[in-house]
Amino acid sequence: MDFILNQLRNRAELSPRRIILPLLFLSCVIYLWQYAVDQKVVPVIILPPPMDVVHVITQNRDFMIGHAVSTLYECFIAFLCATLLGLSVSSLITISYIARKAVYPNLVLFQLIPVIALAPLFILWFGVGTEARVAYGICLAIFPIVVSSSTGLLNTGDTYLKLCSSLTASRWQTFSQVRLPFALPLIFTGLRIGLTLTIIGVVVGEFVTAQQGIGYLISFAASGLETAIALAAISFLLFVGLILFTGLVVVEFTLLRMFSGQSGQ
Amino acid sequence: MCDGLSMLDQATSRSDAYVHADGVQKIFNPGPKQTLAVDGIDCRVKEGEFVSLLGPSGCGKSTLLMMIAGLETPTKGGVFVGGAPMQKPREDIGLMFQDSTLLPWKSSIENVMFPIRILRRDRKEYEEKAKELLKRVGLDQFLDKKPAQLSGGMRQRVAICRALIYDPDVLLMDEPFSALDAITRDEMNQVLMNLWQDFKKTGLFVTHSIREAVFLSDRVLVMSARPGTIIEDLEVPFPRPRDFSLVETPEFNEICGYLRGKIDAQH
Amino acid sequence: MNLSIISQARRSSFPTLLFSLLPVLLFGTVLSFWEFVVWYTDYPKSILPRPSAIALAIFDNWDLLTSNIIPTASVALGGFLIATLVGLTLSLLMAYSTWTKDALYPNIVGFQIVPKIAWAPLFVLWLGIEFQSRLGFAVFISIFPIIISMTAGLKNTDPTLIRLCDSLTATKLQTLFLVRFPFALPYLISAMKMSITLAMIGVIVGEFITSQEGLGFLILVAFGKLETDLMLASVLFLCAVGLFFYSIIAFASYRLEIWFGNKK
Ligand SMILES: Nc1ncnc2c1ncn2[C@@H]1O[C@H](COP(=O)(O)OP(=O)(O)O)[C@@H](O)[C@H]1O
Ligand SMILES: [Mg+2]
């Protein structure tokens, strides 16, 4: 994602070679793939020909869109909750000295817990429905959001803080006028990691609960040796990811432009 | 006091130039949004001469230096060093930058030895010389210290040693002391002056400081704002070796004042 | 040096001591609260076991737990090492040849936009339910941070330093290995931290799907028998494995700082 942002920023760097070469490489790979299947080098079950995947997509479009929308919805809700919760916690950590000293070291410790391994626990607590997957997604996403944003909020330049206290700014003023704007880049770094983890959480949740969503579709297709369907489902997940990331990037650009006067590009 | 024009005549009539930038021009990003960095520069430095290049920021001093070093190719004109045209970087040219560009994981002595490693020369032969050089600049206590443990001035001393270790004939320096504080800077000028006395290289030195330029150089060139051309070429008559008491003399200050006038006249 | 120690010692009066104990206090309070509430309300053990029950489960199932460490840890470590090696080689190749980079890099970046976890079932389909599929998936999921971060690191060398190398008539290979690569090492270390975490995630998800062996599998078994205490005990063991790997990399990072002369 960062790479694409950078590409957009340095549009001048985009020479014809840099567009043609990757496309050429991609076409070679797809050609080799098709060739390997045609020559029966690899069985169709392992690697279906590209056209089969396209065929599956066109034939089952509505069915797949249904599952994709479910995944998209759950990811969105989980990410929104994780963002709100995470930012509240890090604001609290920033504003209250005691909370910082008590919570922050534990946070670092908590990050070491492989939350991914807790998937069955969420089924125990929340059942096999949307709630379980959303809660699991929140749980995965919240730690990087809290850690990254509180790092950003706490590491405001010393001189700016001194300026604030010499102006007798209140804690809240210092927070909203100085700390928050300076922390924005790091907050969004955390949010991007958080979004990636939200998607991981929801998809793994779908693997485990086996009810609905793209993850369910993939694991169901793979266990039935329907590789073409699995690959088609993965391409739908790509769209889900793109929609979510595009939304986040738009918000980031808007906020950065608002606060720093520097245009997002 | 000095007649600039006659000086200029004198300079162009010199044919024994060791470093010669012959009518060079440099255009960056040719096209509608191109930058004409320097235009029609004619710059000659005799063998063993130390010449300073003064000029406002962005006038193309670094660009000229990089062309002489063979790191950029001029869009027009040519550069000759030691009679041979510069087409690509050569071993007989040494470079120094504003930043010391030391490798942070190497000690002073290893940093000085870095060019020897790149040039695949015999290590043993140069190790003594590296120590000798570092001692000359007063760093014999700091041979095994890493850059992070040295002050800014010390780092530039290491960088000077690194530029001298492989014995280039020409030393090109791009504002090497600009990032230092005023006192350290004076110190470094003295260090460089003393080294020059012993090594007798051909030197081209870019700076913003008139005082530094006059103190160090045999000749001072003044460049105009971009596109840079040379608008003044002034001989500095003081005998070598010089030491810092020179800076206080009226003659020294007269030359500085004259140069300041030339620079200010552009605005 | 000495002075700062003295002034630190002077400052560490009672309140500072209290503050440094705060995280421990909070941790202890939460744990006791958890223990007490579950005990007092007699909450079902299968939904939320008490901390003491988890400790007991560790004690009771010690052999079972320890025997499942090796399959998980070795596959994660193997996947991580392969990913690091291959990723490093690829990024060095791309740093050396701009043609390779222009052809490969946009595709790699484009490819990694797809949430990689989604490929897990396909690896099982391709490589079977033995360790190969988990290893393959661990490599797949943990290689991208290495490539992306190293490519950025190798590109970010101070341009003046590259000029210096050029002026010394250094070859491309010399500049790459003597200057650009060492400068990119901090990027490698931070990528490795991310990468080992992802390798662990890959192995755990792989164990969920393949259901053969390892701590992830043990979690699944415990879940099936509603032995939540054993499940959380396995999670704690996973924590220990992750912490072990992580601290090795953290140590490497510390050594690197010393090498760079930033710490002594
Ligand atoms: N690689 C480059 N690409 C485009 N423009 C450049 C490049 N290098 C220098 N310039 C431009 O050329 C002009 C001269 O730059 P420089 O030689 O660095 O000036 P100086 O060293 O005198 O401050 C500046 O306007 C600068 O923006
Ligand atoms: Mg410059």
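Bear in mind that the values here come from a model prediction, so they are computed numbers and not experimental data. Lettering follows sequence order; numbering is per chain, from 1.
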Heavy-atom closest pair, residues [X] and [Y]:
| X | Y | value |
| --- | --- | --- |
| A:L121 | C:M231 | N-CE, 3.2 Å |
| A:I46 | C:L125 | CD1-O, 4.3 Å |
| C:A118 | A:I218 | O-CG2, 3.4 Å |
| A:A222 | C:L122 | CB-N, 4.4 Å |
| A:W125 | C:I47 | NE1-O, 2.8 Å |
| C:L238 | A:P114 | CB-CG, 3.6 Å |

Partner chain C: residue of [options] with the largest heavy-atom pair count (under 4.5 Å):
| options | result |
| --- | --- |
| A:I200, A:I199, A:V203, A:I234 | A:I234 |
| A:L225, A:V103, A:L238, A:V208 | A:L238 |
| A:I116, A:L23, A:L231 | A:I116 |

Using non-hydrogen atoms only, which part of [X] is less than 4.5 Å away from chain C: side chain, backbone, both, or neither?
| X | value |
| --- | --- |
| A:I45 | both |
| A:I193 | neither |
| A:Y104 | neither |

Relative to chain A, which segment of [X] carries a heavy atom at a distance below 4.5 Å: side chain, backbone, both, or neither?
| X | result |
| --- | --- |
| C:L21 | neither |
| C:I209 | side chain |
| C:F27 | both |

**Asked** More than 12 foreign heavy atoms under 6.0 Å from CZ of C:F111: is that the case here?
**Response**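 It does: C:F111 CZ has more than 12 such atoms within range.
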**Asked** In terms of heavy-atom pairs under 4.5 Å with chain A, which of C:C239, C:S46, C:A103 leads?
**Response**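 Winner by heavy-atom pair count: C:A103.
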**Message:** I'd like to verify something: which residue of C:I117, C:L22, C:L243, C:D102 has the highest number of heavy-atom pairs under 4.5 Å with chain A?
**Reply:** C:D102
**Item:** Point-to-point distance, once rounded to the nearest 0.5 Å, from CG of A:L237 to CH2 of C:W119
**Value:**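 Spacing of CG (A:L237) from CH2 (C:W119) equals 10.5 Å.
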Does any non-hydrogen side-chain atom of [Y] lie less than 4.5 Å from one of [X]?
| X | Y | answer |
| --- | --- | --- |
| C:T98 | A:R17 | yes |
| A:L124 | C:L226 | yes |
| C:P115 | A:T196 | no |

**Asked** Any donor-acceptor pair under 3.5 Å linking the side chain of C:N107 with the backbone of A:P22?
**Response** yes
